[in-house]
Amino acid sequence: MGTHRRGVRILLIGDPSVGKTSLILSLVSEEFPERVPARAEEITIPPDVTPEKVPTHIVDYSEREQNMDDLRLEINRADVICIVYSVEEEDTLDRVTGYWLPLVRSTLGAQHSTPIILVGNKVDLVDYSTMEIVLQTMMEYPELETCVECSARTLKNISEMFYYAQKAVLHPTAPLYVLEERD
Ligand code: GTP
Ligand code: MG
């Protein structure tokens with residue numbers, strides 16, 4: 001892998017208003033954008049400024065501009081998927097297991113090898129953590145590579161989030177497939 005890769009394609013999905021577009025634009029501008037479009041333009045980060053030195057494409061999704069076919073197409077094209085929820089809105093976390101993880105499985109097949117990162121955004125608004133629930137979810141869904149709580153507003157863990165996504169593709173920590181036995 002690594003040096004032969006043309007780049008890492010990171011897709012952000014999740015319920016409306018959880019902050020997907022804000023996360024992307026915060027990363028790029030290193031400040032919180034007060035107003036954001038429904039969907040960010042696809043962004044390419046040149047290899048020399050990424051921690052893993054690979055070109056990185058960041059792809060936004062918005063239900064306001066895209067339909068189910070668009071969504072499934074992007075899920076198929078992604079090397080890694082960030083499912084974003086808002087730590088401030090419990091429903092959006094319930095929908096991770098109730099909707100988004102099943103959608104990815106139904107699109108890619110239950111045995112798919114696309115790593116997924118769970119991203120809890122808006123930690124600036126709360127004084128609790130969702131990690132306990134999320135760690136439980138991680139045990140139930142092996143495709144979940146890691147999880148992170150962050151804030152597009154304060155920039156907390158924003159660069160980490162995109163680094164984890166790159167790393168999940170380039171250096172997966174769990175076996176993503178099982179080698180067939182041969183004799
Ligand atoms: P859709 O495109 O409709 O799917 O929404 P989205 O997930 O792209 O959310 P968006 O980035 O448009 O943000 C929704 C609202 O949440 C906006 O008012 C943002 O300013 C706000 N927001 C986003 N991230 C944060 C955050 O980390 N903290 C706080 N306090 N507000 C945030
Ligand atoms: Mg958006």
Side-chain angles (χ1 to χ4, degrees), residues 8-45 56-108 114-135 137 141 143-166 168:
V8 172
R9 192 172 175 87
I10 304 173
L11 172 67
L12 277 73
I13 59 179
D15 276 5
S17 294
V18 294
K20 300 176 294 298
T21 307
S22 302
L23 286 169
I24 294 170
L25 297 181
S26 279
L27 175 82
V28 172
S29 63
E30 293 179 332
E31 62 182 4
F32 180 65
E34 291 292 342
R35 314 183 109 220
V36 294
R39 186 168 182 244
E41 298 280 330
E42 183 176 322
I43 284 158
T44 301
I45 300 179
T56 300
H57 309 282
I58 303 177
V59 181
D60 196 4
Y61 163 75
S62 182
E63 192 184 273
R64 287 183 275 160
E65 290 192 355
Q66 292 169 288
N67 62 29
M68 202 47 142
D69 288 342
D70 299 326
L71 177 56
R72 287 191 189 269
L73 184 73
E74 289 299 351
I75 289 173
N76 272 296
R77 293 177 72 194
D79 294 309
V80 52
I81 298 170
C82 296
I83 301 182
V84 184
Y85 63 94
S86 165
V87 296
E88 197 222 4
E89 246 202 288
E90 211 183 332
D91 285 359
T92 66
L93 178 53
D94 292 342
R95 291 252 302 167
V96 169
T97 47
Y99 180 77
W100 294 103
L101 283 164
L103 174 71
V104 173
R105 282 191 178 180
S106 79
T107 305
L108 297 177
T114 302
I116 303 177
I117 296 178
L118 270 188
V119 178
N121 187 35
K122 309 198 188 184
V123 283
D124 59 287
L125 295 178
V126 301
D127 54 10
Y128 54 79
S129 167
T130 57
M131 276 305 138
E132 222 169 286
I133 303 165
V134 162
L135 289 174
T137 306
Y141 290 82
E143 60 268 55
L144 288 173
E145 178 75 17
T146 191
C147 56
V148 58
E149 288 186 336
C150 64
S151 167
R153 181 173 284 277
T154 64
L155 306 185
K156 184 182 176 186
N157 282 344
I158 298 302
S159 50
E160 284 81 355
M161 166 199 161
F162 289 97
Y163 173 58
Y164 296 155
Q166 272 194 359

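Both ligands and their constituent atoms are indexed starting at 1 by order of listing.
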- Task: Report, in ascending order of atom number, the atoms of ligand 1 lying under 4.0 Å from any heavy atom of Ala38.
- Result: 2 (O)

- Query: Does a side-chain N-to-carboxylate-O contact under 4.0 Å join Lys156 and Glu149?
  - Reply: no

- Within reach of ligand 1, part of Ser151 (heavy-atom separation under 4.0 Å): both

- Item | Under-4.0 Å protein heavy-atom contact, atom 18 (O) of ligand 1 | no

- Task: Would you mind telling me if ligand 1 is within reach of the side chain of Val36, the backbone, both or neither, using heavy atoms under 4.0 Å?
- Result: side chain

- Task: Please report which non-hydrogen protein atom sits nearest to atom 21 (C) of ligand 1, along with the residue it belongs to and the distance in Å to one decimal place.
- Result: Lys122 NZ, 3.9 Å

- Within the stated cut-off of 2.8 Å, is an N/O/S atom of Tyr61 closer than that to the Mg ion (ligand 2)? no

- Give the residue, atom name and distance (to 0.1 Å) of the protein heavy atom nearest atom 27 (O) of ligand 1. Ala152 N, 2.9 Å

- In this structure, atom 11 (O) of ligand 1 is nearest to the protein heavy atom Ser22 OG, 2.6 Å

- Query: Can you name the nearest heavy-atom pair linking Ile117 to Ala168, along with the distance?
  - Reply: CD1-CB, 4.2 Å

- Item | atom 20 (O) of ligand 1 [closest protein heavy-atom partner, distance rounded to 0.1 Å] | Phe32 CZ, 3.2 Å

- Item | Heavy-atom donor-acceptor pair, Asn121 side chain to Leu23 backbone, under 3.5 Å | no

- Query: Would you say Glu63 contacts ligand 1, with heavy atoms under 4.0 Å as the rule?
  - Reply: no

- Query: When Tyr85 is tested against each of Asp94, Thr92, Thr130 for side-chain hydrogen bond (donor to acceptor under 3.5 Å, both in side chains), which residue passes?
  - Reply: Thr130

- Task: Could you find the nearest protein heavy atom to atom 8 (O) of ligand 1 and give me its residue, atom name and distance?
- Result: Thr21 OG1, 2.8 Å

- Spatial distance of atom CG (Leu73) from atom CE (Met68) [nearest 0.5 Å]: 13.0 Å

- Can you pull out the closest protein heavy atom to atom 30 (N) of ligand 1? Residue, atom name and distance to 0.1 Å, please. Asp124 OD2, 2.9 Å

- Can you see which heavy atom on Ser26 is nearest to which on Phe32, and at what distance? OG-CA, 3.6 Å

- Message: Give me the nearest non-hydrogen protein atom to atom 9 (O) of ligand 1 as residue plus atom name, then the distance to 0.1 Å.
- Response: Gly19 N, 3.1 Å

- Shortest protein contact, atom 5 (O) of ligand 1 (heavy atom only): Ser17 N, 2.9 Å

- Query: Is any NZ, NE, NH1 or NH2 atom of the basic residue among Asp60 and Lys20 found under 4.0 Å from an Asp or Glu carboxylate oxygen of the other?
  - Reply: no

- Near the Mg ion (ligand 2), is there an N/O/S atom from Ala38 that is less than 2.8 Å away? yes

- Polar contact flag for Asn121 and ligand 1 (N/O pairs, less than 3.5 Å): yes

- Item | Pair Arg9 + Glu74: basic N to acidic O under 4.0 Å | yes

